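Down below is the structure, laid out as structure tokens.
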Amino acid sequence: MSMSQKTRGILHDLTYAAVCLALCIVLPFLTGQIPQIGSMLCPMHIPVLLAGFLCGPVWAGAVGLVAPLLRHAMFAMPPFPMAFAMSAELLAYGVLTGVFYRLLPKKKSNIYLSLVLAMLLGRVVWGAAMVVIMSANGGAFTWAAFLAGGFTSALPGIVLHIVLIPILVMALENAKIIRR
């Protein structure tokens with residue numbers, strides 16, 4: 001008896017999500033020896049953004065939600081309570097990348113548009129999460145802290161993601177690994 005097309009699609013998405021989650025755990029080790037570089041390159045963001053293109057908003061959102069919390073539980077990185085803000089941010093990245101990629105017409109320029117929109121809105125979600133976390137701890141999260149943490153210090157990672165992710169997505173599309 002052959003597997004239904006729907007079951008095959010779910011298994012593919014689950015497999016891609018699992019690979020992306022594993023990459024979220026492993027990639028930070030590449031930059032972990034120098035924490036400043038790791039925080040600038042945002043290595044956990046790459047597999048989550050890629051998951052949005054590979055396996056859609058639901059699975060990518062799950063990867064984004066779980067990855068920082070799992071990595072915190074395993075290695076105490078990202079530190080508490082920042083793991084929660086990062087979890088919210090990566091959840092947004094995965095969901096939004098998947099939604100935009102599926103809704104926009106299938107043009108190369110829309111890969112970039114999906115990515116940039118998801119990254120911008122994900123950083124807004126991160127900022128909102130930081131406001132909640134800081135308020136709960138009796139502090140304040142300022143506009144300057146939002147700009148510094150969300151954009152200025154992350155600029156190398158933002159550039160890396162905008163260059164790397166579309167190249168990977170186009171290669172995966174050409175290889176017929178990403179289903180349109």
Side-chain angles (χ1 to χ4, degrees), residues 16-101 112-165:
Y16 294 141
V19 168
C20 289
L21 181 59
L23 287 171
C24 284
I25 302 302
V26 172
L27 281 180
F29 287 121
L30 298 176
T31 60
Q33 306 309 315
I34 307 169
Q36 295 82 1
I37 291 176
S39 65
M40 286 184 348
L41 294 180
C42 309
M44 283 181 68
H45 297 197
I46 296 168
V48 174
L49 291 164
L50 195 56
F53 293 103
L54 270 170
C55 52
V58 174
W59 287 107
V63 170
L65 178 67
V66 169
L69 301 175
L70 180 60
R71 196 154 201 296
H72 173 77
M74 294 170 72
F75 308 111
M77 290 302 289
F80 178 83
M82 300 315 151
F84 291 107
M86 193 170 173
S87 189
E89 175 188 22
L90 295 185
L91 166 69
Y93 280 175
V95 169
L96 294 170
T97 303
V99 166
F100 292 140
Y101 182 65
Y112 288 95
L113 182 60
S114 298
L115 178 64
V116 170
L117 286 174
M119 288 172 67
L120 287 171
L121 294 171
R123 284 182 169 23
V124 169
V125 169
W126 172 78
M130 288 300 295
V131 167
V132 170
I133 289 168
M134 295 300 288
S135 296
N137 291 325
F141 190 68
T142 65
W143 181 249
F146 171 70
L147 290 177
F151 296 96
T152 307
S153 66
L155 191 58
I158 292 168
V159 171
L160 174 67
H161 301 156
I162 291 172
V163 170
L164 180 64
I165 301 291

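Along the sequence shown, residues are numbered consecutively beginning with 1. As the structure is a computational prediction, the values presented were derived from the model and not from experiment.
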For the atom pair CG (Leu50) and SG (Cys55), what is the distance rounded to the nearest 0.5 Å?
8.5 Å
Using the rule given for side-chain contact (heavy atoms from CB on, under 4.5 Å), can you reason through Leu49 versus Leu115, listing the C-alpha separation, both sets of side-chain angles and the distance that settles it, and then say yes or no?
CA-CA 7 Å; Leu49 291 164; Leu115 178 64; 3.9 Å; yes
For Val63 against Cys24, the heavy-atom pair lying closest together
CG1-SG, 4.1 Å
Atom CD1 of Ile165 and atom OG of Ser114: how far apart are they, to the nearest 0.5 Å?
12.5 Å
Pairs satisfying salt bridge (Lys or Arg N to Asp or Glu O under 4.0 Å), at least one member in residues 85-101, at least two apart
Glu89-Arg123
Tell me, do Val48 and Thr97 make a side-chain contact under 4.5 Å, heavy atoms counted?
no
Would you give the length of the straight line joining atom CG of Leu41 to atom CD1 of Ile46, rounded to the nearest 0.5 angstrom?
7.5 Å
Under 3.5 Å donor-acceptor pairs involving side-chain atoms of residues 67-86, not counting sequence neighbours:
unit_1: Arg71; atom_1: NE; unit_2: Ile25; atom_2: O; d: 3.0
unit_1: Arg71; atom_1: NH2; unit_2: Ile25; atom_2: O; d: 3.4
unit_1: His72; atom_1: ND1; unit_2: Pro78; atom_2: O; d: 2.8

Please list all pairs meeting salt bridge (Lys or Arg N to Asp or Glu O under 4.0 Å) that have one or both residues in residues 127-136, counting only residues at least two apart or in different chains.
none
Do Pro47 and Leu27 come within less than 4.5 Å of each other through their side chains, counting heavy atoms only?
yes
Nearest-0.5 Å distance, CG of residue Leu91 to CG of residue Leu96:
8.5 Å
Within this structure, what is the OH-CD1 distance for the pair Tyr112 and Ile162, rounded to the nearest 0.5 Å?
9.5 Å
By ring pair (Phe, Tyr, Trp, His ring centres under 6.0 Å), which residues pair with His161, not counting sequence neighbours?
His45
Distance, nearest 0.5 Å, that separates OH of Tyr101 from CG of Leu54:
9.0 Å
So, for Val95 and Gly61, which heavy atoms are closest and what is the spacing to 0.1 Å?
CG2-CA, 3.7 Å
Shortest non-hydrogen contact between Pro28 and Pro43, atoms and distance
CA-CG, 3.8 Å
Check: Met40 and Thr31 side chains under 4.5 Å, non-hydrogen atoms:
no
Provide the full list of salt bridge (Lys or Arg N to Asp or Glu O under 4.0 Å) pairs with a residue in residues 45-56, sequence neighbours left out, each pair given once.
none
Residues which pass ring pair (Phe, Tyr, Trp, His ring centres under 6.0 Å) with Phe141, listed by chain and number, not counting sequence neighbours:
Trp126
